[in-house]
Participant: 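Take a look at the following structure, please.
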Amino acid sequence: DQRPRVFSGIQPTADSFHLGNYLGALRNWVAMQETHDAFYCVVDQHAITMGHDPIALRNRTRISAAQLLALGLDPERCTLFVQSHVPEHAQLSWVLQCITGFGEASRMVQFKDKSAKSGQDGTTVGLFAYPILQAADILLYQADQVPVGEDQRQHLELTRDLAQRFNSRFGRTFNLPAAYILQDTAKIFDLQDPTAKMSKSSSSPAGIIDLLEDPARSAKKIKSAVTDTGREILYDEENKPGVSNLLTIFAALTTRTIDELLEQYDGRGYGDLKKDLADAVVGFVKPVQERTRAFLEDPGYLDKVLAVGAEKARAVAAPTLAEAYQHVGF
Ligand code: ADP
Ligand code: NA
């Protein structure tokens, strides 16, 4: 395969992905199957750093995999697997932890943010080491590219530093991955607070469209989205963040551009826009839900897909780990 290799992971931390996850990340996963040698991972080991419920985790891992298939990942065209099925991730992570400075890890902004919320006694060593496990995820596959949003840039820098350090200390082992700037990506904001991003940790469930929720509920959320003063439909992120967010979602879900939408809704009210967007959202999520349900109702098939994925992943990860072990003196 001559195509650039890409690695990306997503945590199984909710019962459903939300529209922001799809339009900001997963839609690109689907597209990159065509242009890249793509490795996609449900990172369940990252999902236990802050306390978790085992039954919920196991369910969410399966639901995540089923949704990824339903959204268009094709196990014939990408490698889709679950992190804990490939023991090399944890194994390489230990080696990398031993070449990471304590101060270096302490400077990770995401760790500082998350640990500040739980206090020192509520913070785990796993949360501290999280970016190092992430480095192992990427380096095991000799990835050329990693799609990253702003919040992950620092972690990718750490990954590159660790790869370089390992290579110069022990001998060339790891490819240096580059950030892959996604072309066609949309940042989606909370429907109730359009200055904050749509997130599973949002305070108001009315602000998030969960891909697996009742579509009638999604339609209602769109129709009661916070809009801005004035009546004109304009794209203006600063002064009209609510309407702009709806336009962004609408354009991302359809073949129309924002300019075409502005022309179409010229002189019409927010209500028309919301009604049509609600229809578009329902039209999108319904078949995704049907396919997700079908995958979940065929556990044998899902197990098989994930077992084959883990095997394909290990075919790359095991030789990388063996080389790293060899170089490090094991
Ligand atoms: P959440 O914010 O709900 O916890 P995650 O941090 O787990 O979501 O993000 C998973 C992926 O989805 C990441 O690639 C992230 O950039 C993307 N993503 C999450 N929320 C949004 C959003 N509101 N708009 C665009 N992309 C998003
Ligand atoms: Na579009």
Participant: Does the side chain of Q154 reach to within under 4.5 Å of the side chain of Q110, using non-hydrogen atoms?
Facilitator: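 Contact flag for Q154/Q110 side chains = no.
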Participant: Under a 4.0 Å N-O cut-off, is there an ion pair linking K117 with D113?
Facilitator: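 Salt bridge flag = no for D113 with K117.
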Participant: With respect to P12, which candidate in R62, R60, H46 satisfies the side chain to side chain contact (heavy atoms under 4.5 Å, CB included) definition?
Facilitator: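 Testing each of R62, R60, H46 against P12, the sole residue satisfying side chain to side chain contact (heavy atoms under 4.5 Å, CB included) is R60.
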Participant: Does any part of the side chain of M32, heavy atoms only, come nearer than 4.5 Å to the side chain of Y40, both counted from C-beta?
Facilitator: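 Yes, side chains in contact.
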Participant: If Ile, Leu, Val, Met, Phe, Trp and Tyr residues are connected whenever their side-chain heavy atoms lie under 4.5 Å apart, and connections chain through other members, are L19 and I10 in the same group?
Facilitator: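 In one cluster with L19: I10, yes.
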Participant: Using only atom types and a distance under 3.5 Å, with no angle test, would you say the side chain of Q67 pairs donor to acceptor with the backbone of F17?
Facilitator: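 Present.
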Participant: Any chance you could lay out the side chain to side chain contact (heavy atoms under 4.5 Å, CB included) test for L253 and L23, step after step, and finish with the verdict?
Facilitator: CA-CA 8 Å; L253 279 180; L23 295 176; 4.1 Å; yes
Participant: Would the distance check show the side chain of R3 and the main-chain N or O of E34 forming a donor-acceptor pair, the cut-off being under 3.5 Å?
Facilitator: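 It does hold such a pair.
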Participant: So, T61 versus D44: side-chain donor-acceptor pair below 3.5 Å or not?
Facilitator: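 No donor-acceptor contact under 3.5 Å links the two side chains.
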Participant: S199 and I208: which non-hydrogen atoms are nearest, and at how many Å?
Facilitator: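 So the two residues come closest at O-CD1, 3.4 Å.
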Participant: Compare every heavy atom of H85 with every heavy atom of A310, then report the nearest pair and how far apart it is.
Facilitator: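 For A310 and H85, the tightest heavy-atom pair comes out as CB-CB, 3.8 Å.
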Participant: Tell me whether L73 is reachable from V308 by hopping between hydrophobic residues (I, L, V, M, F, W, Y) whose side-chain heavy atoms are closer than 4.5 Å.
Facilitator: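 No, separate clusters.
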Participant: Grouping I, L, V, M, F, W and Y whenever their side-chain heavy atoms are under 4.5 Å apart, do V86 and V305 come out in a common cluster?
Facilitator: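 No; tracing contacts between hydrophobic side chains, which count when under 4.5 Å, never links both residues.
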Participant: Is there a continuous path of hydrophobic side-chain contacts, each under 4.5 Å between heavy atoms, that joins Y301 to L80?
Facilitator: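 Yes, one cluster joins them.
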Participant: Is any side-chain heavy atom of D266 closer than 4.5 Å to one of I233?
Facilitator: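 With C-beta onward as the side chain, the pair stays apart.
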Participant: Testing R268, R256, K223 one by one against D276 for a salt bridge (charged side-chain N to carboxylate O under 4.0 Å, His left out), which residue passes?
Facilitator: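 Going through the options one by one, the only one that passes is R268.
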Participant: Can any side-chain N or O of Y270 pair as donor or acceptor with the backbone N or O of T227 at less than 3.5 Å?
Facilitator: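 Side chain of Y270 to backbone of T227, a donor-acceptor pair under 3.5 Å: no, none is there.
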Participant: Does the side chain to side chain contact (heavy atoms under 4.5 Å, CB included) test come out yes or no for I209 and L191, once each step is laid out?
Facilitator: CA-CA 9 Å; I209 302 287; L191 298 174; 3.7 Å; yes
Participant: After noting the C-alpha distance and the side-chain angles of H89 and Y141, does the key distance pass the ring-ring contact (aromatic ring centres under 6.0 Å, His included) rule?
Facilitator: CA-CA 10 Å; H89 290 249; Y141 299 96; 5.6 Å; yes
Participant: Does CZ belonging to R77 count more than 12 external heavy atoms closer than 6.0 Å?
Facilitator: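 Counting other residues, nucleotides and ligands, CZ of R77 exceeds 12 neighbours.
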Participant: Please check if the side chain of Q145 supplies one atom and the backbone of P4 the other of a donor-acceptor pair under 3.5 Å.
Facilitator: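 Such a contact is absent between Q145 side chain and P4 backbone.
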Participant: Grab the two heavy atoms, one from A47 and one from Q11, that are nearest each other, plus how far apart they are.
Facilitator: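 Nearest heavy atoms, A47 then Q11: CA-OE1, 3.6 Å.
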Participant: When rounded to the nearest 0.5 angstrom, what distance separates CD in Q2 from CG in D37?
Facilitator: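 The distance works out to 10.0 Å.
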Participant: Report, one line per pair, each donor and acceptor closer than 3.5 Å where one atom sits in a side chain of residues 320-330; sequence neighbours left out.
Facilitator:
| from | atom 1 | to | atom 2 | distance (Å) |
| --- | --- | --- | --- | --- |
| T320 | OG1 | L140 | O | 2.8 |
| T320 | OG1 | V316 | O | 3.0 |
| H327 | ND1 | T173 | OG1 | 2.7 |

Participant: Can you tell which of T124, L133, V125, T123 makes a side chain to side chain contact (heavy atoms under 4.5 Å, CB included) with T49?
Facilitator: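 Going through T124, L133, V125, T123 one by one, the side chain to side chain contact (heavy atoms under 4.5 Å, CB included) with T49 is satisfied by T124 alone.
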Participant: Kindly state each residue pair satisfying side-chain hydrogen bond (donor to acceptor under 3.5 Å, both in side chains) with at least one member in residues 160-169, sequence neighbours excluded.
Facilitator: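 Those involving residues 160-169 are E104-R165.
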Participant: Looking at S115 and K112, what are the two nearest heavy atoms and their distance?
Facilitator: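 The pair with the smallest heavy-atom distance is OG-O, 3.4 Å.
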Participant: Could you check L234 against V243 for side chain to side chain contact (heavy atoms under 4.5 Å, CB included), going step by step and ending with a plain yes or no?
Facilitator: CA-CA 7 Å; L234 296 173; V243 174; over 6 Å; no
Participant: If I take atom OG1 from residue T195 and atom CD from residue E238, how far apart are they, to the nearest 0.5 angstrom?
Facilitator: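 The OG1 atom of T195 sits 12.0 Å away from the CD atom of E238.
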Participant: To the nearest 0.5 Å, tell me how far I132 CD1 sits from L158 CG.
Facilitator: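 Going from CD1 on I132 over to CG on L158, the span is 6.5 Å.
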Participant: State whether the side chain of D210 and the backbone N or O of E213 hold a donor-acceptor pair below 3.5 Å, judged by distance alone.
Facilitator: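 Checked: no pair found.
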Participant: With no hydrogens and no angle check, is any side-chain donor or acceptor of Q33 less than 3.5 Å from a backbone partner on D74?
Facilitator: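 Flag set: sc Q33 to bb D74 pair under 3.5 Å.
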Participant: Hey, could you give me the CG/CG distance between L273 and L262, rounded to the nearest 0.5 Å?
Facilitator: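 Reported value, rounded in 0.5 Å steps: 9.5 Å.
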Participant: Begin from the C-alpha positions of F39 and F7 and carry the test ring-ring contact (aromatic ring centres under 6.0 Å, His included) through to its verdict.
Facilitator: CA-CA 5 Å; F39 284 70; F7 176 91; 7.6 Å; no
Participant: Would you mind reporting whether H36 and Y180 have side-chain heavy atoms less than 4.5 Å apart?
Facilitator: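 When only atoms from C-beta onward are counted, H36 and Y180 do touch, with a gap below 4.5 Å.
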Participant: For the side chain of K221 and the backbone of Q192, is there at least one donor-acceptor N/O pair under 3.5 Å apart?
Facilitator: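 The answer is no, because no donor-acceptor pair under 3.5 Å joins these two groups.
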Participant: For the pair K274 (side chain) and L246 (backbone), establish whether a donor and an acceptor sit closer than 3.5 Å, ignoring hydrogens and angles.
Facilitator: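 No; zero donor-acceptor contacts below 3.5 Å.
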Participant: So do the side chains of L71 and V288 get within less than 4.5 Å of each other, counting heavy atoms only?
Facilitator: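 Yes; the side chains approach each other to less than 4.5 Å.
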Participant: Does the side chain of I249 come within less than 4.5 Å of F284's, by heavy atoms?
Facilitator: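 Of all side-chain heavy-atom pairs linking I249 with F284, none is under 4.5 Å.
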Participant: Within the structure provided, determine whether D298 and L302 are in side-chain contact (heavy-atom separation under 4.5 Å).
Facilitator: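 Not touching, per the 4.5 Å side-chain cut-off.
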Participant: What's the spacing between L211 CG and S16 OG if we round to 0.5 Å?
Facilitator: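 The CG atom of L211 sits 5.0 Å away from the OG atom of S16.
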Participant: Within the 3.5 Å criterion, strictly below it, is a donor on E237 or S244 matched to an acceptor on the partner's side chain?
Facilitator: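 Checked: E237/S244 side chains show no N/O donor-acceptor pair below 3.5 Å.
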Participant: Could you measure the distance from the CZ atom of R314 to the CZ atom of F81? Nearest 0.5 Å is fine.
Facilitator: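 So the CZ of R314 and the CZ of F81 are separated by 11.5 Å.
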Participant: Locate the shortest heavy-atom distance separating T292 from A70; write the atom from each residue and the value.
Facilitator: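 What the structure gives for the nearest pair is OG1-CB, 3.2 Å.
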Participant: Do you know which two heavy atoms are closest between P177 and L139, and how far apart they sit?
Facilitator: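 Of all heavy-atom pairs spanning P177 and L139, the closest is CD-CD2, 4.0 Å.
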Participant: Tell me, do D190 and V226 make a side-chain contact under 4.5 Å, heavy atoms counted?
Facilitator: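 A side-chain contact is absent here, since even the closest heavy-atom pair is not under 4.5 Å.
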Participant: Given the rule that I, L, V, M, F, W and Y join up when any side-chain heavy atoms are under 4.5 Å apart, are L26 and F189 in one cluster?
Facilitator: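 Different hydrophobic clusters.
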Participant: Could you tell me whether the side chain of E263 and the main chain of E260 form a donor-acceptor pair under 3.5 Å?
Facilitator: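 No; judged by distance alone, with no hydrogens or angles, the pair does not exist.
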Participant: Is a side-chain N or O of K312 found less than 3.5 angstrom from the main chain of P75, in a donor-acceptor match?
Facilitator: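 Side chain of K312 to backbone of P75: a pair is present.
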